[in-house]
Amino acid sequence: WFQRLFQGDLGTSIFSRRSVTSLMANRVEPTLSLGIQVIILSSVLGVSLGMVAAWKAGRMVDRLVMLFAVLGFATPGFWLALLVIWVFAVNLRWFPVVGYTPVTEDLLGHLHGMLLPVLVNSVLASAFISRITRSTMLEVLGTDYVRTARAKGLAEPAVYWRHAFRSASIPVVTVIGAAMASLATGFVVTESIFGIPGLGRMLVDAISRRDYPIIQGLLLTVATAYVFVNLVVDIVYAYLDPRIRYQ
């Protein structure tokens with residue numbers, strides 16, 4: 001098996017008798033599209049809310065953001081997914097209940113059909129990102145070099161973005177990197193509920209049928225993605241913090 005692995009062969013499915021590599025290739029697009037949209041939206045939303053909460057620490061805005069973070073972090077993903085389907089798809093009929101439109105067929109239809117699963121995952125992911133951003137920003141804002149930047153007369157946006165956020169972004173990048181690495185299996189519940197034919201749903205089907213070659217190939221892909229993303233995150237550390245240098 002290891003000999004075939006180095007040639008790109010992950011084995012053959014027990015039930016379909018097709019190669020695991022070809023089966024995964026057909027499922028990459030939905031998961032990759034969902035993952036890219038979720039990472040972009042959750043990163044922008046989580047970082048923005050976290051910085052606003054740190055800027056207005058102790059005020060009503062900060063309490064509201066932290067309430068959102070706690071609720072988003074504690075809300076089960078399957079419950080939130082079923083709730084938005086019941087509200088926006090069943091009652092209001094603004095979106096399809098289930099189904100997937102490939103990007104190559106209709107881009108606007110693809111984005112419209114993916115909006116609900118993207119929102120569900122983005123809310124859950126941005127809650128944790130906002131908490132990490134707020135805590136690290138509050139820690140950095142109390143350092144000497146930030147007080148020096150303010151004493152020099154720099155505007156608050158410059159203090160936040162150029163001095164504080166760059167140093168506080170290392171834990172945020174770590175969280176985002178971990179989310180990127182878990183794309184293959186992180187959307188198992190979402191893809192199953194919304195009927196998206198991605199890698200997460202493929203893993204659920206393989207487990208239910210005990211198709212071990214598919215399970216083994218998917219888990220190996222996820223482990224490789226974790227290693228690669230962690231390497232990229234470590235390299236980004238040196239760019240974000242000049243004090244970090246790798247020999």
I'd like to know if M114 and F88 are part of one continuous hydrophobic network [Ile/Leu/Val/Met/Phe/Trp/Tyr, side-chain heavy atoms within less than 4.5 Å].
yes

Flag if over 12 foreign heavy atoms under 6.0 Å of CZ, R131:
no

Considering all heavy atoms, the nearest S192-V204 contact:
OG-CG2, 3.9 Å

Taking every non-hydrogen atom, the tightest pair across I129 and S42
CD1-O, 3.9 Å

Separation between CD1 (I85) and CZ (F194), nearest 0.5 Å, reads 4.0 Å

S13 versus P213: any side-chain heavy-atom pair under 4.5 Å?
no

Side chains of F68 and L64: does their closest heavy-atom pair fall under 4.5 Å?
no

Greater than 12 external heavy atoms within 6.0 Å of F128's CZ
no

Tell me, with the steps shown, if L119 and V84 meet side chain to side chain contact (heavy atoms under 4.5 Å, CB included).
CA-CA 9 Å; L119 285 177; V84 297; over 6 Å; no

G77 and L124: which non-hydrogen atoms are nearest, and at how many Å?
CA-CD1, 3.6 Å

Could you measure the distance from the CE atom of M137 to the CZ atom of R134? Nearest 0.5 Å is fine.
11.5 Å

Under 4.5 Å between side-chain heavy atoms, counting indirect links through other Ile/Leu/Val/Met/Phe/Trp/Tyr residues: same cluster for V90 and L116 or not?
yes

The reported gap from CG in D205 to OG in S16 (rounded to nearest 0.5 angstrom) is 11.5 Å

Out of curiosity, T190 OG1 to N121 CG, how far, rounded to the nearest 0.5 Å?
3.5 Å

Under a 3.5 Å distance rule, please check whether S22 uses its side chain to pair with a backbone N or O of S19 as donor and acceptor.
yes

Kindly write out the residues that satisfy side-chain hydrogen bond (donor to acceptor under 3.5 Å, both in side chains) with T21, not counting sequence neighbours, or none if the list is empty.
none

Over 12 non-hydrogen atoms of neighbours within 6.0 angstrom of CZ in F15:
yes

Could you verify whether a donor N or O on one side chain and an acceptor N or O on the other, from Q37 and S33, lie under 3.5 Å apart?
yes

Which side-chain N or O atoms in residues 44-60 pair as donor and acceptor under 3.5 Å with protein atoms at least two apart or in another chain?
{"residue": "S48", "atom": "OG", "partner": "V44", "partner atom": "O", "Å": "2.6"}

Check: V87 main-chain N/O paired with N91 side-chain donor or acceptor under 3.5 Å
no

When every non-hydrogen atom of P30 is compared with those of I196, the smallest separation belongs to CB-CG2, 3.6 Å

Taking all atoms of both residues into account, what is the closest heavy-atom pair of R18 and N26, and its distance?
NH2-ND2, 3.2 Å

Under a 4.5 Å side-chain heavy-atom rule over Ile, Leu, Val, Met, Phe, Trp and Tyr, are L218 and W1 clustered together?
yes

How close do F73 and A127 get, counting heavy atoms only, and between which atoms?
N-CB, 3.7 Å

The reported gap from CG in L107 to OG1 in T104 (rounded to nearest 0.5 angstrom) is 10.0 Å

If the condition is salt bridge (charged side-chain N to carboxylate O under 4.0 Å, His left out), which residues does R63 pass it with, not counting sequence neighbours?
none

What I want to check is whether the side chains of T221 and T224 have a donor and an acceptor closer together than 3.5 Å.
no

Let me confirm one number: the CD1-CD1 distance from I132 to I170, rounded to the nearest 0.5 Å.
13.5 Å

Any link between I193 and L92 through a network of hydrophobic side chains (Ile, Leu, Val, Met, Phe, Trp, Tyr) touching at under 4.5 Å?
yes

Would you say L115 and W94 make side-chain contact, with heavy atoms under 4.5 Å?
no

Applying side chain to side chain contact (heavy atoms under 4.5 Å, CB included) between I36 and each of L32, I39, L34, V38, report the one that passes.
L32

Are the side chains of P102 and H110 in touch, meaning some heavy atoms are under 4.5 Å apart?
no

Let me see the working for D106 and T101 under side chain to side chain donor-acceptor pair (under 3.5 Å), right down to the final yes or no.
CA-CA 7 Å; D106 184 6; T101 302; over 6 Å; no

Do the side chains of L71 and M66 join up, straight or via other hydrophobic residues, at under 4.5 Å, putting them in one cluster?
no

Does a side-chain heavy-atom distance below 4.5 Å link I214 with M202?
yes

If we count only N and O atoms by modelled type, under 3.5 Å, do the side chains of E191 and Y100 hold a donor and an acceptor together?
no

Can you find a heavy atom in the side chain of L10 that is under 4.5 Å from one in the side chain of Q216?
no

4.5 Å side-chain heavy-atom contact, I176 and V233
no

Counting distance only, does the side-chain N/O of T136 pair as donor-acceptor with the main-chain N or O of T133 below 3.5 Å?
yes

